[in-house]
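Start at 1 and go down the list; that is how both ligands and their atoms are numbered. Because only heavy atoms are used, hydrogens play no part in the values below, and waters and symmetry mates are left out as well, while side chains stay in.
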Amino acid sequence: MSTTDRPAPTLSPDLIARFAAIVGERYAVTDRNDIAPYLVEERNLYQGRSQLVLRPGSTAEVAAICKLATETRTALVPQGGNTGLVGGQTPHNGEVVLSLRRLDNIRDLDLASNTMTCEAGVVLATAQQRADAADRLFPLSLGAEGSCTIGGNLSTNAGGTAALAYGVARDLALGVEVVLADGRVVNALSKLKKDNTGYDLRDLFIGAEGTLGIITAAVLKLFPKPRAVETAFIGLASPEAALKLLTLARSEAAGTLTSFELIAEICVDFCVRHGPGIRDPLTSRHPWYVLMEISSQRDDARSTIEAILERAMEDGLVDDAVIAANLDQRQAFWTLREVISPVQKAEGGSIKHDVSVPVAAVPQLITEASEAVVKLIPGARPVPFGHLGDGNIHYNVTQPAGADKDAFLTRWEEVHDTVHTIVARLGGSISAEHGIGFMKRDELPHFKDPVALNLMRTLKATFDPLNILNPGKVV
Ligand code: FAD
């Protein structure tokens, strides 16, 4: 997939100097080699273009940049860890990149209120570690946590592996500080759970993918740290069996069921074949697997997970299972889960979908989508996995073995349309957790309620009438 073919606007040396004066020469990147990493993304689907990357160190500098951008009609693309998967952080048309990574202070840790106030550039793993050091849990967790930032997490309303128990990024933020396109700062850094003073602006900026404002800081919710965590790797026959196991686990474990990941056999095949040091945790192969985790404040996690598995075996839902004996084994289970995405590269082209349907409809989605995709491209290999507990499946399709990668990838839109049409019929969403960005912008009108889409466009025009912030993304 390429970026737009429109000629990129040229920034005059005078304008570059005015922007550079705000952040200081050192943090205004103009060298082509230094800019290069900001223009590419994880999947190499897009190649961006930009003459200037600005790396502000404070909210005041972000505000001054936005003010100058509005005055000079200069478009900005906000960027955090650059791990987004829908091309939202890429400057497709020569926009100035606004990198928030230097805003990396943790401003406040309030243990009585159970909150942590982080600036936008704080890396997610750092936020988790600071919470942990204070004997608290910040539960947002995803494969890119070593690089992605709190600002990016909130702007994409990230989900991840603990959303089942703790919710998505939106559920984990109490307040935000946001710079608007014209440079005004919205201070909504509230620590309040209860605040009924009109429209909820916070929730507008969360998930807006940088199109309505620049998030510069946020108040995050902290939770008690679980005292006991038990993790099982389970082999079973079908997504239907996995769904029944989920229902059983929810009733037995209630709020202590923190992860429930569904994995197709082909994922384990790819991981064992291409993932360094990855081994199949079970002694024989199964058509499907579940990675299940229970996290409890009490010492009952082990007995709970054992009771669930015992009952599931009696009911014929589970064929085999192993409970992690120690931290290393638990880590090995999670490493397998986390490398499912990267190892697909070794098998050639992969057409990815990040979709959600009502939890009960996941087996139907997998059956129908697999039939339709293989009919469309004989030999195509569906690679479904993901957060079954949230109804969120990464329905990826790997090219037929030995096929031409580029020819396969030219069918991206056709395959998307096939899968997304099934998703829509099942009452689902074409973007569960990665966002719309650039990739799905033109698809959105086919699947979003037209009145809702119209309201989104009205909001964009109200917040950013000159289309300065992340133009060409989402709407
Ligand atoms: P970026 O990629 O830099 O930006 C993402 C979007 O947010 C862009 O539109 C950008 O313009 C905007 N943005 C960034 N910072 C700001 C800001 N401060 N203010 C306003 N707008 C901003 N996502 C999930 O939800 N769940 C997963 O399980 C998951 N797993 C992943 C695993 C891997 C290996 C990878 C590579 C990605 C995964 N992702 C997942 C996607 C990605 O990590 C998330 O979308 C993440 O939240 C992006 O954060 P970032 O800091 O990298 O943002």
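In this structure, the side chain of Asn470 does not engage the main chain of Pro78 through any donor-acceptor pair within 3.5 Å. One N or O on the side chain of His416 and one on the backbone of Lys352 form a donor-acceptor pair closer than 3.5 Å. With Arg170 contributing its side chain and Ile206 its backbone, the two residues share a donor-acceptor pair below 3.5 Å. Judged by distance alone, the side chain of Ser50 and the main-chain N or O of Glu95 form a donor-acceptor pair under 3.5 Å. Of the possible donor and acceptor atoms, none in the side chain of Glu230 sits under 3.5 Å from a partner among the backbone N and O of Ala301. Listed for the Asp354 side chain is a donor-acceptor partner under 3.5 Å among the backbone atoms of His434. Checked by atom type and distance alone, the side chain of Glu209 pairs as donor or acceptor with a backbone atom of Gly437 at under 3.5 Å.
Close contacts between ligand 1 and Thr149 involve ligand atoms 50 (P), 51 (O) [criterion: under 4.0 Å to a heavy atom]. Interface atoms of ligand 1 facing Gly210, defined by a heavy-atom separation under 4.0 Å, are 20 (C), 21 (N). For ligand 1, the atoms closer than 4.0 angstrom to any heavy atom of Gln79 are 3 (O). Remark: ligand 1 atoms within the under-4.0 Å shell around heavy atoms of Gly80 are 1 (P), 3 (O), 14 (C), 15 (N), 51 (O). Within ligand 1, the atoms closer than 4.0 Å to a non-hydrogen atom of Asn470 are 9 (O), 11 (O), numbered from 1 in the order shown.
Remark: distances from the non-hydrogen atoms of Gly159 to ligand 1 include one below 4.0 Å. Under a 4.0 angstrom heavy-atom cut-off, Gly437 registers as lying outside contact with ligand 1. Residue Val77 places every heavy atom at 4.0 Å or more from ligand 1. Residue contacts with ligand 1: Gly213 is included, with a non-hydrogen atom under 4.0 Å away. The closest approach between Glu42 and ligand 1 falls below 4.0 Å for a heavy atom of the residue.
For atom 41 (C) of ligand 1, the nearest non-hydrogen atom from the set Val168, Ile436, Val122, Thr83 belongs to Thr83. Nearest residue to atom 50 (P) of ligand 1 from Gly81, Ala120, Gly84 is Gly81 (criterion: closest heavy atom). Checking Arg43, His434, Glu41, Arg101 against atom 23 (N) of ligand 1, the nearest heavy atom belongs to His434. In this structure, of Val97, Leu142, Val176, Leu76, the residue bringing a heavy atom nearest to atom 29 (C) of ligand 1 is Leu142. Summarising the contacts of atom 17 (C) of ligand 1 with Ala158, Ser155, Gly88, the nearest heavy atom is found in Ser155.
Residue contacts with ligand 1 for Asn153 involve both N, CA, C or O and side-chain atoms from C-beta outward (heavy atoms, distance under 4.0 Å). Of the heavy atoms in Leu154, none comes closer than 4.0 Å to ligand 1. At a 4.0 Å heavy-atom cut-off, ligand 1 touches Leu100 through the side chain alone.
At the shortest separation from atom 19 (N) of ligand 1 among protein heavy atoms lies Ile215 N, 3.0 Å. Of all protein heavy atoms, the one closest to atom 32 (C) of ligand 1 is Ala144 N, 3.7 Å. Closest to atom 38 (C) of ligand 1 among all protein heavy atoms lies Leu85 CD1, 3.8 Å. Scanning the protein for heavy atoms near atom 4 (O) of ligand 1, the closest one is Gln89 CB, 3.5 Å. Looking from atom 24 (C) of ligand 1 to the surrounding protein, the closest heavy atom is Glu433 CD, 3.6 Å. For atom 53 (O) of ligand 1, the nearest protein heavy atom (residue, atom name, distance) is Gly152 CA, 3.5 Å.
Relative ring orientation between His353 and His420 is described as perpendicular, the plane-to-plane angle rising above 60° on a 0-90° scale split at 30° and 60°. Ring geometry, His394 versus His387: the interplanar angle exceeds 60°, so the pair is classed perpendicular (tilted spans 30 to 60°).
The shortest N or O to N or O distance between Thr156 and ligand 1 is below 3.5 Å. Close N/O approach between Pro78 and ligand 1 is found [any backbone or side-chain N/O within under 3.5 Å]. Remark: ligand 1 and Ser147 share no N or O pair separated by less than 3.5 Å (distance only, no angle test).
More than 12 heavy atoms of other shown residues, nucleotides or ligands fall within 6.0 angstrom of atom CZ in Arg273. Heavy atoms from other residues, nucleotides or ligands lying under 6.0 Å from CZ of Arg107 number more than 12.
For the atom pair CZ of Arg73 and CD1 of Ile468, the computed distance is 7.0 Å after rounding to the nearest 0.5 Å.
Closest approach of Pro91 and Leu39 over heavy atoms only: CG-CD2, 3.5 Å.
Applying the side-chain contact (heavy atoms from CB on, under 4.5 Å) test to Ile278 and every residue at least two apart in sequence or in another chain returns Cys271, Thr335, Leu336, Val339. Residues forming a ring pair (Phe, Tyr, Trp, His ring centres under 6.0 Å) with Tyr289 (at least two apart in sequence, or on another chain): Phe233, His286.
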**Message:** Evaluate Val176 against Leu189 for side chain to side chain contact (heavy atoms under 4.5 Å, CB included), listing each step before the verdict.
**Reply:** CA-CA 5 Å; Val176 286; Leu189 273 180; 5.5 Å; no
